**Student:** 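Take a look at the following structure, please.
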There are 2 protein chains.
Amino acid sequence: MTETRLYRGLSADERRRRRDRQLREACLDVVADQGVAAVTVEQVCARAGLTKRYFYESFPDRDALLVAVLEELFRTVNRRIVAALLVAGPTRLDRSRAAVGELTDLLADDRRLARLYVEAAGHGTLRPHRDRTFARYAEFWLTNVLRRDPTDPLARLAARHVIAGTTEVLCAWLGGELELGRRRVIDALAELGARDVPGPLGGAR
Amino acid sequence: MTETRLYRGLSADERRRRRDRQLREACLDVVADQGVAAVTVEQVCARAGLTKRYFYESFPDRDALLVAVLEELFRTVNRRIVAALLVAGPTRLDRSRAAVGELTDLLADDRRLARLYVEAAGHGTLRPHRDRTFARYAEFWLTNVLRRDPTDPLARLAARHVIAGTTEVLCAWLGGELELGRRRVIDALAELGARDVPGPLGGAR
DNA sequence: GTCATCTGATACGTCGCTGTGTCAGATGCC
DNA sequence: GGCATCTGACACAGCGACGTATCAGATGAC
């Protein structure tokens, strides 16, 4: 279409992507400092050191930015867990530990992500995304960690239970509410996540 | 102090309490229809059929109303679970089922409560209350359902895991995301909640 | 019936955020 | 250097919500 005139050594497209990234980072900063509800176009732009003009260049509104950032987080979680499982041992406990460890590391290394991850539950626009993702995580867990039939409703229920429980515990831990080291937390979560699902075929009766 | 002049057959205090209740109910209606974020003074007043004047008579601002309603919900949950446990059988599964069944009935019978219960996780002002309550639930669970030491950090972690998992599953079920009847859901949750906690003393290795 | 009180409606100024528009100055291209 | 483009700052009208204030009419006490 148009030209690719450089500006400060960057092409139009590079500049655009750079601003997009700045906005996403600023969004996470605001979430970390003041929560999802405080994410406004103006707050984000102030943090990013950009003007509103550039906000609307990348996103139609505040919700679109939040969704984009959340989806990116979910993709990262997914990618890293898949990668971790590739090199994990064969037992359920091995696989559970690999997955939980990866999630823990990710959220512990960037607390901004943790707050977004949690607060997604209460935000009108974010919640559907969060729900769909949790449902997918649950299915993924059944298939790749527990190695059970992912279509069994009871198994799905149990997997959902595990996903939510793991999330909650991680958030409580990240918030300083549990007096345990990272290692102990991962151990415990791995164990909780590796337990077989209940029901007619389950083994926990 | 002042008088107790009747108005439409009610004393000043009765009228005041009546309006307080109307506002709380209206708040729940708005939460059910449009979510916590849509709870504004004006919305609530419109629903309640009252004017803003009476809102500020009972609550300093919107957050205070939300907190009041949430705390009331938590008190109700607690009261009903305590009552259910009084007549429950002696095994962990009996007690788990009694507690889970009570919570399920409560949330299923008033969906407005369910939405508030969930969205509390993502709301700035509500979240601390929700967190503290979940921590108390976890302790309660350890003491009264699993009968374990409520000060053991690992046990607390596991209890928190159960509380969050149960909440999540109930919400998914109430949202129509699980193709299971009430009975099966309660069975499964009761079983998941009755499993012993992991760790040095746990039995799930 | 009269008067004090209570009620419900409405008006108002303020605030924060939105989305668009304008413009001077910086920067790159030739 | 001259010109087109890009940038950042700011102005603006509009909106929805807040919190306060005013006032006429309904209601109860005497």
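Throughout, a chain's letter reflects where its sequence line sits, starting with A, and its residues are numbered from 1. The model shown is predicted, which means the values in this text are computed figures rather than measured ones.
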**Student:** Below the 4.0 Å mark, does dT7(D) have OP1 or OP2 next to a side-chain nitrogen or oxygen of Arg8(A)?
**Tutor:** no
**Student:** Less than 3.5 Å apart, which donor and acceptor atoms pair up between the side chains of residues 132-142 of chain A and the rest of the protein, not counting sequence neighbours?
**Tutor:**
residue   : atom : partner   : partner atom : Å
Thr133(A) : OG1  : His129(A) : O            : 2.7
Trp141(A) : NE1  : Gly193(A) : O            : 3.1

**Student:** At a heavy-atom distance below 4.0 Å, what parts of residues 55-66 of chain B sit against DNA chain D?
**Tutor:**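 Residues of residues 55-66 of chain B that come under 4.0 Å of DNA chain D are, in numerical order, Tyr56(B).
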**Student:** Please identify each residue that fulfils salt bridge (Lys or Arg N to Asp or Glu O under 4.0 Å) with Asp105(A), with sequence neighbours left out.
**Tutor:** Arg182(A)
**Student:** Dump every N/O contact between nucleotides 10-16 of chain C and the protein below 3.5 Å, one line per pair.
**Tutor:**
none

**Student:** According to salt bridge (Lys or Arg N to Asp or Glu O under 4.0 Å), who are the partners of Glu25(B), at least two apart in sequence or on a separate chain?
**Tutor:** Arg21(B), Arg112(B)
**Student:** If I take atom CZ in residue Arg5(A) and atom P in nucleotide dC6(D), what distance separates them, rounded to the nearest angstrom?
**Tutor:** 6 Å
**Student:** Check whether any side-chain nitrogen or oxygen of Tyr54(A) sits under 4.0 Å from OP1 or OP2 of dT7(D), and answer yes or no.
**Tutor:** yes
**Student:** Please enumerate all residues that pass side chain to side chain contact (heavy atoms under 4.5 Å, CB included) together with Arg8(A), with sequence neighbours excluded.
**Tutor:**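 Arg8(A): no side chain to side chain contact (heavy atoms under 4.5 Å, CB included) contacts found.
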**Student:** Just how far, in rounded Å, is P of dG19(C) from CD of Gln43(A)?
**Tutor:**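 Distance, rounded to whole Å: 16 Å.
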**Student:** Could you work out which one of dC29(C), dT5(C), dT18(C) sits closest to the side chain of Val41(A)?
**Tutor:**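 Between dC29(C), dT5(C), dT18(C), the one nearest the side chain of Val41(A) would be dT18(C).
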**Student:** I need the OH-P distance between Tyr7(A) and dA4(D), as an integer number of Å.
**Tutor:**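 My rounded result for the distance is 16 Å.
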**Student:** To the closest 0.5 Å, what do you measure between CG (Leu85(B)) and CG (Asp94(B))?
**Tutor:** 10.5 Å
**Student:** Show me the donor-acceptor pairs within less than 3.5 Å that the side chains of residues 42-52 of chain A make with the rest of the protein, sequence neighbours left out.
**Tutor:**
residue  : atom : partner  : partner atom : Å
Arg47(A) : NH2  : Asp33(A) : OD2          : 2.4

**Student:** To the nearest angstrom, how far is Leu10(A) atom CG from dC6(D) atom P?
**Tutor:**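 Atom-to-atom, Leu10(A) to dC6(D), this comes out as 13 Å.
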**Student:** Test of understanding: with side chain to side chain donor-acceptor pair (under 3.5 Å), list the residues that count as partners of Arg147(A), not counting sequence neighbours.
**Tutor:**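 Arg147(A): no side chain to side chain donor-acceptor pair (under 3.5 Å) contacts found.
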**Student:** Just checking Arg16(A): base, sugar-phosphate only, or nothing, at a heavy-atom cut-off of under 4.0 Å?
**Tutor:**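 If one applies the 4.0 Å heavy-atom cut-off, Arg16(A) turns out to touch nothing in the nucleic acid.
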**Student:** Could you list all the salt bridge (charged side-chain N to carboxylate O under 4.0 Å, His left out) pairs where at least one residue sits in residues 172-181 of chain A, not counting sequence neighbours?
**Tutor:** Glu177(A)-Arg160(B)
**Student:** Considering only heavy atoms, which members of residues 31-39 of chain A lie under 4.0 Å from some atom of DNA chain C?
**Tutor:**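 Output list: empty, so none.
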**Student:** Give the table of side-chain donor-acceptor pairs shorter than 3.5 Å for residues 76-84 of chain A, with sequence neighbours excluded, one pair per line with atom names and distance.
**Tutor:**
residue  : atom : partner   : partner atom : Å
Thr76(A) : OG1  : Glu72(A)  : O            : 2.9
Arg80(A) : NE   : Glu102(A) : OE2          : 2.9
Arg80(A) : NH2  : Glu102(A) : OE2          : 3.1

**Student:** Just how far, in rounded Å, is P of dT7(C) from CG of Leu50(B)?
**Tutor:** 10 Å
**Student:** For residues Val118(B) and Arg127(A), determine if any side-chain heavy atom of one lies less than 4.5 Å from a side-chain heavy atom of the other.
**Tutor:** yes
**Student:** I'd like to check the side chain to side chain contact (heavy atoms under 4.5 Å, CB included) partners of Val69(A); sequence neighbours left out, ordered by chain and number.
**Tutor:**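 Checked Val69(A) against side chain to side chain contact (heavy atoms under 4.5 Å, CB included); matches are Arg24(A), Cys27(A), Leu28(A), Leu65(A), Leu116(A).
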